[in-house]
There are 2 protein chains.
Amino acid sequence: MIDKYRDLQIKLTPQRLAILGFLENNRSHPSAEDIYRAVLKQFPTMSFATVYNTLEALKSKGNVQELKIDPGKKRYDPDISRHHHLICMKCKNIVDIFKDFDISLSEDLTSGFDIIGNSIEFYGICRSCGSRK
Amino acid sequence: MIDKYRDLQIKLTPQRLAILGFLENNRSHPSAEDIYRAVLKQFPTMSFATVYNTLEALKSKGNVQELKIDPGKKRYDPDISRHHHLICMKCKNIVDIFKDFDISLSEDLTSGFDIIGNSIEFYGICRSCGSRK
DNA sequence: GCAATTGACAGTAATGATTCTAACATGATA
DNA sequence: TATCATGTTAGAATCATTACTGTCAATTGC
């Protein structure tokens with residue numbers, strides 16, 4: 001576990017390992033609060049500051065990506081491979097979409113921007129929200 | 001001006017007309033505060049509540065769309081035609097991209113969601129931020 | 001035309017997410 | 001061991017947003 005994250009080049013404290021452990025293989029795209037709540041069980045003194053600090057460290061090392069999908073709160077995705085998201089407009093559940101789309105921009109559309117990347121979000125209603133009415 | 005917005009089916013008060021006037025042909029994707037500041041010149045008693053209420057009314061009538069691009073604050077786009085956005089990762093400037101991409105999802109990728117729409121964001125560095133270093 | 005209802009307004013309070021701060025603890029290094 | 005950098009913590013501060021309240025103006029039914 002420790003070996004796995006050694007190349008992150010950040011100090012691996014117990015709190016950070018707990019956060020990393022919670023994020024590992026986590027497909028739920030948790031918010032800072034979700035992470036806080038989960039890690040609180042192991043570390044009752046955990047504070048939000050530590051969660052945010054750790055997320056910031058992981059983000060800057062490119063080990064976690066911040067999702068802007070949910071207005072009002074950030075959500076975090078430990079899967080940094082290229083993929084897209086599908087979000088339920090009712091319950092805000094997010095699922096991953098692994099498919100490549102060709103959406104390159106021709107020079108005349110970039111307004112002089114240096115393009116670095118893109119992301120695609122799909123919106124809809126998930127099965128359980130749809131069947132609830 | 002009034003005629004133009006009559007079909008909105010909302011009461012057209014002077015404050016609302018000022019907001020509508022500011023939004024008309026506005027390509028800056030303003031935040032609630034941008035709108036508040038702009039309209040404050042005409043209506044020194046304007047309050048944030050009125051800005052948010054009006055935006056909510058316009059949104060529910062489908063006359064404005066809320067952008068989730070900028071984490072920490074919502075931004076609003078009076079252009080409701082289908083288009084995408086390119087955002088500067090430094091200054092958060094947003095420019096419109098008018099181009100159609102074919103990004104439909106095949107049935108096996110939807111996880112049972114009823115798909116309603118999608119949006120594409122491009123990320124990069126705008127000319128002035130790039131030349132600043 | 002006149003009360004009653006509705007909707008909008010401004011101001012303010014409350015909330016929720018995030019960031020900041022200062023004190024303390026810990027670990028690595030010399 | 002002493003020093004230094006970094007991480008943790010609790011709480012305060014901040015920012016965007018939402019909710020609430022009393023007031024007022026426009027609109028409706030009579």
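Every chain is numbered from 1 and lettered A, B, ... according to where its sequence line falls, protein lines coming before strand lines.
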Across all chains, not counting sequence neighbours, the side chain to side chain donor-acceptor pair (under 3.5 Å) partners of A:Arg37 are A:Glu33

Check every nucleotide of DNA chain D for an atom under 4.0 Å from a heavy-atom of chain A, then give the first and the last such nucleotide from 5' to 3'. D:dT6 to D:dA10

Mind listing the side-chain donor-acceptor pairs of residues 104-112 of chain B below 3.5 Å, one per line with the distance, residues two or more places apart or on another chain?
| residue | atom | partner | partner atom | Å |
| --- | --- | --- | --- | --- |
| B:Ser106 | OG | B:Asp108 | OD1 | 2.6 |
| B:Thr110 | OG1 | B:Glu107 | O | 3.0 |

Need to verify one output field. Residue with the more 5' nearest nucleotide on DNA chain C, A:Ala32 or B:Ile10? B:Ile10

Across all chains, not counting sequence neighbours, the side-chain contact (heavy atoms from CB on, under 4.5 Å) partners of A:Ser119 are A:Glu121, B:Glu121, B:Tyr123

Using the rule that two of Ile, Leu, Val, Met, Phe, Trp, Tyr join whenever any of their side-chain heavy atoms come within less than 4.5 Å, decide whether A:Phe48 and A:Phe43 are in one cluster. yes

Do B:Leu86 and B:Ile94 come close enough that some side-chain heavy atom pair is under 4.5 Å? no

Anything under 3.5 Å between a protein N or O and an N or O of nucleotides 25-28 of chain C, put it in a table, one pair a line.
none

Rounded at 0.5 Å granularity, tell me how far NZ in A:Lys41 sits from CZ in A:Phe22. 7.5 Å

Applying side chain to side chain donor-acceptor pair (under 3.5 Å), can you list everything that pairs with B:Asn63, at least two apart in sequence or on another chain? none

Residues in side chain to side chain donor-acceptor pair (under 3.5 Å) contact with A:Asn93, at least two apart in sequence or another chain: none

Tell me, which pairs form a salt bridge (Lys or Arg N to Asp or Glu O under 4.0 Å) where one or both residues lie in residues 11-22 of chain A, sequence neighbours left out? none

Checking side chain to side chain contact (heavy atoms under 4.5 Å, CB included) against A:Ile19, which of A:Ile35, A:Thr13, A:Val64 comes through? A:Ile35

In numerical order, the residues of residues 33-64 of chain A whose heavy atoms come under 4.0 Å of DNA chain C are A:Glu33, A:Ala49, A:Tyr52

Under 4.0 Å between a side-chain N/O of B:Arg16 and OP1 or OP2 of C:dC9, yes or no? yes

With a 4.0 Å cut-off, would you call A:Arg27 and A:Asp96 a salt bridge? yes

Residues two or more places apart in sequence or in another chain: which of them pass side chain to side chain donor-acceptor pair (under 3.5 Å) with B:Ser81? B:Asp79

Residue pairs meeting ring-ring contact (aromatic ring centres under 6.0 Å, His included), one or both in residues 58-88 of chain A, sequence neighbours left out, come to A:His29-A:His85, A:His83-A:His85, A:His83-A:Phe98, A:His84-A:Phe101

Stretch residues 68-80 of chain B: residues that reach within less than 4.0 Å of DNA chain D through a heavy atom: B:Gly72, B:Lys73, B:Lys74

